[in-house]
Amino acid sequence: MRWSQYFINTLREVPADADVISQKLMMRAGMIRKVAAGIYTSLPLGLRSMQKMEAIVREEMNRAGAIELSMPTIQPAELWMESHRWERYGKELLRVKDRHERDFVYAPTAEEVITDTVRDAINSYRLLPVNLYQIQTKFRDEVRPRFGLMRGREFVMKDAYSFHASRESLDDTYEKMRVAYSAVFHRCALDHVAVDADTGNIGGSASHEFMVLAQSGEDAVVSCPNCKYGANIEKATSKFFDADATLAPLAELAPIHTPGTQSIDDVGKFLSKLTSELVKTLVFDTDKGCVMVLVRGDREGNEIKIKNHLGAEFLEMMPDTRFEAATGGPVGYCGPVGTNAARVLADISLRGVANWVVGGNKKDTHIAGANPGRDFPEPEYGDFTTVFAGDPCPRCDTPLQIHRGIEVGHVFKLGTKYSEPMNCTFLDEKGARQPMIMGCYGLGIGRTVAAAIEQSHDDDGIIWPMPIAPFEVVVTQIGKEDNVRATAEELYQRLRAAGVDVLLDDRDERPGVKFKDADLIGFPLRIGVGAKSLANGQIEWSFRKDRVKQLGAADEVLARVIEEVTKARV
RNA sequence: CGGGGUGUAGCGCAGUCUGGUAGCGCACCUGCUUUGGGAGCAGGGGGUCGUAGGUUCGAAUCCUAUCGCCCCGACCA
């Protein structure tokens, strides 16, 4: 491709609304262009990177035995009603009506359509398992789209769905997909980890997330530097509590006057105690009623864990307007003694601890010496708090670390969550009808490309990993002399003939402009042809990552560049 | 959802407080000079000032409504 004939519009200035590096650089490099909030055009350069990413994913999926198909982005509401996600998915699901006023959704994922497809086509265990995938545009109407391709509303995702006659078969495919995912990210030279994850909106039993480690990541990843334990912070556990806390003698229940101390820090200061010596009470409004959760004063409640424990569909902090009616006490002073809350949970770290200091369910009042079983009913114990850095690993007690990560892939064991309600069944060896056991596997194409940039850039621009660079090599023609032009042209033709993805910068621009553009776009390799070195029969070449110029005769440089490109293709 | 901000040329911004018919930089076009890390000079094109009402002799500017976009918050009991 010749730059002068191509469509590249680089920007010198940073668009005002870009807030992460990858978004700024992709916009400046002319790879993407924002059309609306969270909705982007992939410009030619950006599209090339995306297509390369897709090709890698396709290869690894095919290698893992998955079969490609393509499902519609607009899907009938009936299917979503069958799975009950029409009611449960919430506002992220974009609903549209056609001219006949029939309901449709713009699909955020395709469990319903694939399940519908497979239940029609497969009725026998003899035809299982199957693993089907597509690379398709999705839409999720995010509350607050941001970070460019990292959290867009419209995005391209690879989604695969597997169907099985047995758990073992699902385990087998799940493992193959995990291996395939690692291979994909490895090929893109991404520093990533696979961690235990919550299943969220999709549902199911086991689940792993693939996280690319980056400062700008929206997720927190807990990992053990010793034993490879890794989990999303939503799911991570630790052994931070003292499991065999000895039972102190039970004290008298004693109300304390604590005016103006609504926050746990205030209470701690007022009573000259550490917050870890107090018990914090969180109150949630859920579809299971008002739920009170007690945690140690210095810890944070974990809504995901609480929601999962309750089996709740809906959970949020109790709004102040309904607080008193629901708990029987004012905001800031609530506690388990004499509460109206339907259920009281307590973090496992409180089990066996005596003489709690809690809210008194009365203005300006706390209570010391509260003991479960005596002063209020024994609460339901469980793991309801979020792991902190330094907590001991649940497996080996090593202090845990927390990093930021970008979720680029997510695999789930769905079980029969969709096959059962949608009646996707097969006949087993004994002729008995059974629901198929399912797995599903997502991988964000655009998000992975953005993550690669987050991980690999400098002040001047992107530094592409070769496999997803829009072009592998740029040939910069420096100057307009006939021999410069002719040599650049010749190198360009020979690289093309060798199958290298090469862009010839034949524009009538000053050298500085060409260098800056090449750095910004981030071609991994650059060949420079200019009158100065050409006078000595030499051309120059350099890697984007270090920009150290090397000189050599054309044949020699060509051989080295082709070698580097081949090496990176794996 | 709550709070804040913003909308003026393709991009980044000033002008709004104190109304008088729109400006700067980048980009773009023409010419000359220049040519190894985003050139210089000269000339030029491009904007119903988000939209709709209102006030006024006169509105980018004041008032009202509305839409878009951006940021921050959502563990505080």
Side-chain angles (χ1 to χ4, degrees), chain A residues 9-20 23-24 27-28 30 33-39 90-91 143-148 258 260-267 275 278-285 290 292-295 297-306 315-324 326-336 339 341 358-366 384-386 459-461 476-481 484 505 507-521 526 528-535 539-540 542 547 549:
Chain A
N9 181 26
T10 58
L11 304 175
R12 193 176 299 199
E13 289 181 89
V14 187
D17 52 10
D19 34 33
V20 289
Q23 186 184 14
K24 284 180 190 164
M27 290 179 90
R28 282 193 57 210
R33 191 188 128 83
K34 191 165 86 168
V35 176
I39 300 176
K91 288 193 177 162
V143 195
R144 184 141 85 92
R146 50 186 150 176
F147 303 153
T258 52
T261 56
Q262 295 211 345
S263 79
I264 197 77
D265 287 336
D266 292 341
V267 179
T275 53
L278 308 173
V279 174
K280 184 159 73 174
T281 306
L282 312 172
V283 179
F284 296 96
D285 188 17
C290 169
M292 182 172 278
V293 181
L294 306 167
V295 303
D298 60 333
R299 307 301 292 194
E300 284 180 5
N302 181 317
E303 289 190 14
I304 305 276
K305 290 180 180 177
I306 296 165
L315 179 144
E316 67 172 31
M317 297 298 294
M318 181 64 71
D320 290 0
T321 48
R322 293 213 302 284
F323 197 94
E324 287 218 37
T327 68
V331 173
Y333 298 96
C334 85
T339 183
V358 296
N361 286 324
K362 210 160 68 177
K363 185 150 174 53
D364 297 337
T365 303
H366 281 76
F384 302 127
T385 55
T386 298
D459 290 346
D460 292 310
T476 310
Q477 176 193 309
I478 307 159
K480 289 186 277 193
E481 296 82 354
V484 168
D505 191 353
R507 291 177 300 168
D508 183 14
E509 285 286 356
R510 299 163 61 86
V513 172
K514 295 188 173 192
F515 296 145
K516 288 286 185 189
D517 274 343
D519 287 349
L520 176 59
I521 297 168
R526 190 169 71 73
V529 182
K532 283 186 186 170
S533 38
L534 207 52
I539 58 170
E540 57 200 46
S542 58
R547 280 185 291 199
K549 277 179 193 151

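Below, each value reflects all heavy atoms present in this structure, side chains not excepted, and no hydrogens, waters or symmetry copies. Below, chain A is the first sequence line, B the second, and so on; all start at residue 1.
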(request) Take atom P in B:C72 and the same atom in B:A59, then report the distance between them in whole Å. (result) 39 Å
(request) Using modelled atom types only, decide if a donor and an acceptor are shared between the side chain of A:Asp505 and the backbone of A:Gln477 within a distance under 3.5 Å. (result) no
(message) Taking B:A22 as the reference, what is the distance to B:U33 when you measure between their P atoms (whole Å, please)?
(response) 37 Å
(request) Please figure out whether A:Gly359 or A:Lys516 has its closest RNA chain B nucleotide nearer the 5' end. (result) A:Lys516
(request) Using the P atom as the reference point in each nucleotide, state the distance between B:G46 and B:G10 in Å, no decimals. (result) 13 Å
(message) Does A:Arg28 contact B:G38 through a side-chain donor or acceptor facing the base, at a distance under 3.5 Å?
(response) yes
(request) Verify the contact: side-chain N or O of A:Arg510 to OP1 or OP2 of B:G38, cut-off strictly under 4.0 Å; return yes or no. (result) no
(message) I want to verify a distance call: between B:A27, B:G12, B:G36, whose nearest atom is closest to the A:Arg12 side chain?
(response) B:A27
(message) By nearest heavy atom, map A:Arg33 and A:Lys280 onto RNA chain B; which one lands nearer the 5' end?
(response) A:Arg33
(request) Could you measure between the two P atoms, the one in B:A42 and the one in B:U48, and give it in whole Å? (result) 29 Å
(request) Hunt down the Watson-Crick or G-U wobble partner of B:C17, both distances under 3.5 Å, from any strand shown, or write none. (result) none
(request) Taking atom P in both B:G15 and B:C24, compute the distance separating them and give it to the nearest angstrom. (result) 15 Å
(request) Could you check which of B:G36, B:G12, B:C70 has an atom nearest any side-chain atom of A:Pro15? (result) B:G12
(message) Is there, by distance only and without an angle test, a donor paired with an acceptor across the side chain of A:Glu13 and the base of B:G25 below 3.5 Å?
(response) yes
(message) OP1 or OP2 of B:C70 versus the side-chain N and O atoms of A:Lys34: is any pair under 4.0 Å?
(response) yes
(request) Choose from B:A77, B:G37, B:C1 the nucleotide whose nearest atom is closest to any side-chain atom of A:Leu282. (result) B:A77
(request) Sticking with atom P, work out how far B:G7 lies from B:G54, rounded to a whole angstrom. (result) 24 Å
(message) With a 3.5 Å cut-off and heavy atoms only, can you find an N or O donor on one side and an acceptor on the other between the side chain of A:Asn9 and the base of B:G10?
(response) no
(message) Suppose you measure atom P in B:U8 against the same atom in B:A60; what distance do you get, rounded to whole Å?
(response) 15 Å
(request) With P as the reference atom in both, quote the distance from B:C26 to B:G40 in angstrom, rounded to an integer. (result) 8 Å
